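Report on the structure given below.
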Amino acid sequence: MLHYFLGSYIVTIVGFIAAYLWGEHVHNGTGLTCVFIAFVLAVLEVSLSFDNAVVNAMKLEHMSEKWRHRFITWGILIAVFGMRFLFPLLVVAIFAKLNILSVLNMALNDVNSYAHYLELTHAPIVAFGGAFLLMLFMDYFVEQKKEIHWIKCIEIPMQRLASVKGICTITTLIVLGFLMFELSPEVRISVLKSGISGIIIYLIIDGLAEWLERRQEERMKLCADTVKCSGLVGFLYLELIDASFSLDGVLGAFALSKDILIITIGLFIGAMFVRSLTIMLVEKKTLAQYLYLEHGAHWAIGTLAILMFISTFHEVPEVVTGLLGLAFIVSAFISSIIHNKKVKNEVEG
């Protein structure tokens, strides 16, 4: 365990020291308070992203060691400084029509104005993430070649929908359509555009990944080049999944703190533990040992997608999102243990 989480422990120690010093010297002796907030944010990030780790592990199993390493190194930089620091600044800059340096100054010195602008962009941001994740959820359960089912009374009928061309896109568009009736007129267009953008981005990345996989199978002589491209597309795919998962957490973090640096430190620590957990799941072949863990993760993804859509017009506490996702993961884990014991008893009997 130490091998997998050593980097996370180091980041945690450094992060807490930085949070303490920032609180003591910038916020007039609130060092311990800042450390506590960073800790809570880290726990929140891990609880919200456990299903993300399972999905990442599923994708990483088909990637080379080189791209796994890049996911840990380059990926964590993109995840933390890209999605959890730079992305909110860019969103506010675009919405408020300010340059990014002015927004950064606002985030550091006028946190209430910064939080206000970010709150105004909440609905379209989570609509993008919700659409992307709902596509991912649907795509997993309507897969025609899928042979293993966990909640059979739902998953088997869902798989039959695979005969309907474009069912994932149709379903997501229907959900977006119903969502329009609940939204205020001033945000409907922006939410619709963001949701459609999430669908399009998913289709592009997923389609490109499938094309490269087929190309790899058909032309083995180009294996090296194809693996390289597949690794790149897989990397981008994972980063987009991570980004979609992080949207709710990034926005929800402002309920605990308005300080962008403390938020970044807390989410950075959480993201590191999620990355470490992902690598452990891959190298220990955990998904192969627990049959329904992938199913539980995708049910958690579907739940998160729906909650993201709901949060466009009604506040959803992060604790609800985290507990529901965790409930699916734990239930799938228990079901997998029961299945393994049943198989073992049949073999021994």
Side-chain angles (χ1 to χ4, degrees), residues 1-16 38-39 41-80 82-84 133 136 140 148 150 230-231 234-246 249 265-301 304 321-323 325-341:
M1 294 291 288
L2 181 62
H3 166 69
Y4 294 107
F5 291 95
L6 179 60
S8 299
Y9 293 142
I10 294 173
V11 167
T12 300
I13 294 170
V14 173
F16 284 165
F39 171 76
L41 287 169
V43 173
L44 178 66
E45 176 73 7
V46 174
S47 65
L48 288 173
S49 301
F50 191 89
D51 42 2
N52 189 11
V54 176
V55 175
N56 286 348
M58 183 178 68
K59 301 297 181 183
L60 282 174
E61 284 182 346
H62 304 290
M63 294 173 67
S64 66
E65 186 66 31
K66 179 177 69 174
W67 280 102
R68 289 181 191 176
H69 177 73
R70 288 175 177 175
F71 177 71
I72 293 296
T73 53
W74 300 356
I76 195 64
L77 292 176
I78 295 172
V80 174
M83 282 308 303
R84 291 157 176 85
L133 292 179
L136 177 63
Y140 179 78
I148 300 170
W150 178 36
S230 297
F235 177 84
L236 295 174
Y237 188 62
L238 287 175
E239 289 304 317
L240 279 170
I241 291 175
D242 179 77
S244 298
F245 271 100
S246 69
I265 289 171
L267 297 182
F268 187 7
I269 294 170
M272 275 298 297
F273 274 97
V274 172
R275 283 297 201 278
S276 299
L277 180 62
T278 298
I279 294 300
M280 187 184 74
L281 291 175
V282 173
E283 295 188 355
K284 287 186 172 293
K285 307 293 183 183
T286 304
L287 297 183
Q289 296 174 31
Y290 300 100
L291 193 64
Y292 302 123
L293 209 52
E294 289 181 17
H295 297 69
H298 281 85
W299 276 109
I301 288 171
L304 176 58
T321 304
L323 288 176
L326 186 61
F328 278 112
I329 296 292
V330 172
S331 299
F333 181 72
I334 294 172
S335 297
S336 300
I337 292 176
I338 294 172
H339 175 269
N340 291 343
K341 288 183 176 180

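All values below were derived from every heavy atom in this structure, side-chain atoms included, with hydrogens, water molecules and symmetry-related copies excluded. On a predicted model such as this, the values are computed, not experimentally measured, just so you know.
Distance check, rounded to the nearest 0.5 Å: OH of Tyr4 to CG of Leu277 gives 11.0 Å. Rounding to the nearest 0.5 angstrom, the gap separating the CZ atom in Phe273 from the CZ atom in Phe268 is 11.5 Å. Here the OG atom belonging to Ser331 is positioned 13.5 Å from the OH atom belonging to Tyr292, to the nearest 0.5 angstrom. Taking CG of Leu293 as the reference point, atom OG1 of Thr286 lies at 8.0 Å (rounded to 0.5 Å). Interatomic distance, Ile301 CD1 to Glu294 CD, rounded to the nearest 0.5 Å: 10.0 Å. Interatomic distance, CG of Leu304 versus CG of Leu133, reported as 5.5 Å (0.5 Å rounding).
Nearest heavy-atom pair, Gly296 versus Ala332, reported as atom, atom and distance to 0.1 Å: CA-CB, 3.6 Å. Nearest heavy atom pair, residue Ser336 against residue Tyr290, reads OG-C, 3.5 Å. Between Leu281 and Ala57, the closest heavy-atom pair is CB-CB, 3.7 Å. The two residues Gly15 and Ile265 have their closest heavy-atom pair at O-CG2, 3.5 Å. Shown here for Ser8 and Met272, the closest heavy-atom pair between the two residues is OG-O, 3.1 Å.
Judged as a side chain to side chain contact (heavy atoms under 4.5 Å, CB included), and not counting sequence neighbours, the contacts of Ile334 are Val330, Ile338. Contacts of Thr12 classified as side-chain hydrogen bond (donor to acceptor under 3.5 Å, both in side chains), with partners at least two apart in sequence or in another chain: none.
Outside the 6.0 Å centre-distance limit, the rings of Phe333 and Phe328 are not counted as a close aromatic pair.
For His339 (side chain) and Ser335 (main-chain N/O), no donor-acceptor pair under 3.5 Å exists by modelled atom type. Between the side chain of Gln289 and the main chain of Asn340, no donor-acceptor pair closer than 3.5 Å is present.
Side-chain contact between Phe39 and Ile269 is absent, with no heavy-atom pair separated by less than 4.5 Å.
Relative orientation of the His295 and Tyr140 rings is perpendicular, given thresholds of 30° and 60° on the angle between their planes.
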